[in-house]
Structure formats: structure tokens, C-alpha cells
Amino acid sequence: MLFRSKLPDVGTTIFTVMSKRALDEGALNIGQGFPDYPIDPDLAELVTEALAQGRNQYAPMEGVVELRDQIARKLEASHASRFDPAEEITITCGGTEALFDAIQAVIGPGDEAIVFDPAYDAYEPAVRLAGGRCIRVALQPPDFSYDWASVGAALSGRTRLVIINSPHNPSCTAIRAADLDALAALVRDRPVTILSDEVYEHVLFDGRSHASVLAHRELRERSFAVYSFGKALHATGWRIGYCVAPPALTRELRKIHQFNTFSIAAPFQHAIARYLAAHADRLRDLPRFFEAKRDLLAARLERSAFRPLRAAGTYFQLVDYGALSREGDLAFADRLIREAKVATIPLSPFYARPPAMTLLRLCTAKRDETLEEAAARLCAFSERHAGR
Ligand SMILES: Cc1ncc(COP(=O)(O)O)c(C=O)c1O
């Protein structure tokens, strides 16, 4: 049978590839972004309770009411404005489904989406499946800043979507309010929607606060904002996220959502709703928790030639291996798996057009012992190779 792939050039993601290599080689995996420590026992108890209470049938398509109410409260506390849980909040299968649904809702054949380079890898395939095309605009080295003049030049009559992400994976930077103003000015008179991936909203360091499209008077009217309880509650396997958007955009998103996943695991939604009602304050500990891990890793790498680029947010940390090798990042990351027994994520797969660079992404959502062991192995590797 003749079969034509719709995504002929798309292979297995770099995360799966590196995690499999880590298993094969018996390496410590600090590449893929998932915690290796348990969730809050209070949250685990609430899941057991929801199961025991028989919350096991289809949840409402939009999401469990109590959960959407709690999200509305959380948004009001963060942004001092009201969001209607009935018409503006939808529970999705992780942030990933929200991203996919929003893209399908906006992009049609021939449409263009502006995506920054580097970017999280889920955006481009979803745009292409919808018949659209990504126009990549490079974040500027060395600090991955936005060049809004380039974005202006990339906008065309076909542009329907601009996808932003802050805190940003993989660069670990955070967008500033002035960037959002610049974006708003560029799209003001255009039929362009914003998709704002804010799954790391709680993980910002050194006293920074999160610049959300939901807090931006103009952008809020034209944005889908995407969040993930997997990230906020250290439970990536639960696959619970949500999308916040004005009613007209939410209606379109739900048309996709109802025929995609329809509704999301009911007991987890009930458990999260009760957890937020009782312990919403615990989310405020996240910056301190991850900042301590960032600082631990940086301190332990100090006597190595790996140079951390101080992360502004996310639970990742970039390190520069340029003092050790000029090898490409894919080859170097594979060498680290074999020789240091540490799995990391190379940066070039996040790019459409990777520049010459020597950066790896490490995940700091790991137990302190895991980070200490990984750093010790990287220091030993560095000692063996420095000056060669
Ligand atoms: C930037 C970014 N967006 C979205 C996601 C997907 O979130 P979820 O696991 O909730 O689907 C991730 C996961 O790593 C991410 O890093």
C-alpha cells in the first residue's frame, strides 16, 4: 500500500532518545524533564480519596467544575482580575493537549505561525498537521533575547499565530513585561492570536515575577495561555493541564478538545481541586525549591570546566561545555552518556537552524543526591578531559 507520511521528517523526540540511551548505558538521567522524587503525600492521599469516593466516570468535557473554580481563584490572586471558569478555563491532557488544540483551532492550510528558535518541540508538528507553516525567528545570543524588529519583519498577511513561552524551555530565560508590550504593538491591527506557553509559571528565580499574557490588558483579549499541573505539582505522569482564553477562543478550543481527548482523568481533577482549596499556598514554595536545586548544581560544577548559564526560571539549567570540547552537541551528549554515565539533552534539536554552540540542557527537578552524583560524574569527566 502506498502511504504518505504527513510528518516524514519527524522522528522520536530527543527526550525519548536520550532517556533510552541512558537506560541502555546505565547512565544517570538528568536530561528529560521529570522529577525523581515523590509528590506531596497530601496530594497522593486526595487521589486515593477521590478513587474511593467513586469519582471514576467521565468528567465534564470542560473539566471538573470544582477544579475550574479553584483555577479561577488562583488566577484572580495572581493577576487581580476575574476569569470565568465556565467560559474561559478548560482542563486538558497536560499542557501538550492545550497547545495542540489551540494550534488546530487557529491554524488552517497556508497559514503561518511565528515560532522562536529554539523552541519546545511540540509546536511545529502541530502547526504542520493543521496545514500551516512555522516561520522561525531566532532568539538572540548569548542571552536568548527577543529581537522584535525581526518579528515585525516575519509577520505577513498569512500570520495567524505567534507562539511564545515563558519561562522558556530550553533557554531557561523569562520574558519581560516590555517584551509583551512590544509584541502587543506588533499585532495590534492584525488578525493574529497569541499562544502563550506558561507551564513553568511558578518556577522563576532571584525574585523575578511572571509576566503573563493574562496580566496584559491587550494581549489577554487575543491569547490562549497554557498551564500544566504536571509541572506545578511534580506529577508529569498525570497529564493534567489547562488552557485559559477569552470565551470566543475557548469555544473554538473546546471544539477540538471534545473530539480529541473529550475529558480528562476524573479522580486526578477532583484531587487537584481539593488540594488547591486546602494548600494553594504550597505553590509559592516552588521558586525557592527549584532555585536551591539550581544553586546546588552550579556550586557542585564549580570545580569542573562545565559553565552553567545562570537560569532565570524553569526546572532546567544550561551548561556550556565549550572549554572541554568543540564537538557538536549531539556527539558530545552521547559521549557524556558513554564516558561520564550522565544523560543530558543537547540543545540543537530545539532549533530549526541551530547556530554553532556548545550547550547542553540539564534538568534540576531531581533529588539533591541525584544532582550531587551527576555533578560528581561531570567533574570527574572534566578532570579527565580538561586541557586536551
Ligand atoms: C515548554 C513546555 N511546554 C509544554 C510542556 C508540556 O507540558 P505537559 O507535560 O503538561 O504536557 C512542556 C513539558 O516539558 C514544556 O517544557
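In what follows, every heavy atom counts, from backbone to side chain, and hydrogens, waters and symmetry copies are set aside. Remember, it's 1-based here, ligands and their atoms both numbered in the order they're listed.
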*Nearest to atom 6 (C) of ligand 1, what protein heavy atom do you find, and at what distance?*
Thr96 OG1, 3.3 Å
_atom 2 (C) of ligand 1 [closest protein heavy-atom partner, distance rounded to 0.1 Å]_ = Asp197 OD2, 3.3 Å
Could you tell me, atom by atom, which parts of ligand 1 come under 4.0 Å of a heavy atom of [X]?
X      : answer
Gly94  : 10 (O), 11 (O)
Ser228 : 8 (P), 10 (O)
Asn169 : 1 (C), 15 (C), 16 (O)

*Between Tyr146, Phe350, Tyr351, which is the residue that forms a ring pair (Phe, Tyr, Trp, His ring centres under 6.0 Å) with Phe116?*
Tyr146
_Looking at Tyr37, I'd like to know if the NZ or CZ of Arg367 sits under 6.0 Å from its six-membered ring centre while staying within 45 degrees of the ring's axis._
no
_Given the ring of Phe229, does Lys231 sit roughly above its face, with NZ or CZ under 6.0 Å from the centre of the six-membered ring and within 45° of the axis?_
no
_Side chains of Glu112 and Ser156, donor plus acceptor under 3.5 Å_ = yes
*Looking at ligand 1, does any of its N/O atoms fall within less than 3.5 Å of an N/O of Gly230?*
no
*Do ligand 1 and Tyr200 have nitrogen or oxygen atoms that lie under 3.5 Å from each other?*
yes
Heavy-atom contact under 4.0 Å between [X] and ligand 1?
X      : answer
Phe229 : no
Lys231 : yes
Thr236 : no

*Test: Arg68 and Asp84 ion pair at under 4.0 Å*: no
_If we set the cut-off at 4.0 Å for heavy atoms, which region of Arg239 has an atom near ligand 1: side chain, backbone, both, or neither?_
side chain
*Which part of Asn165 is near ligand 1, with near meaning a heavy atom under 4.0 Å away: side chain, backbone, both or neither?*
side chain
_Near-ring test His202/Tyr315, centroid separation under 6.0 angstrom_ = no
*Checking side chain to side chain contact (heavy atoms under 4.5 Å, CB included) for the pair Arg188/Glu218: CA distance, chi angles, key distance, verdict?*
CA-CA 8 Å; Arg188 191 162 293 142; Glu218 264 186 284; 2.7 Å; yes
*asked:* Assigning hydrophobic clusters by single linkage (Ile, Leu, Val, Met, Phe, Trp, Tyr; side-chain heavy-atom cutoff under 4.5 Å), is Leu318 placed with Leu378?
replied: no
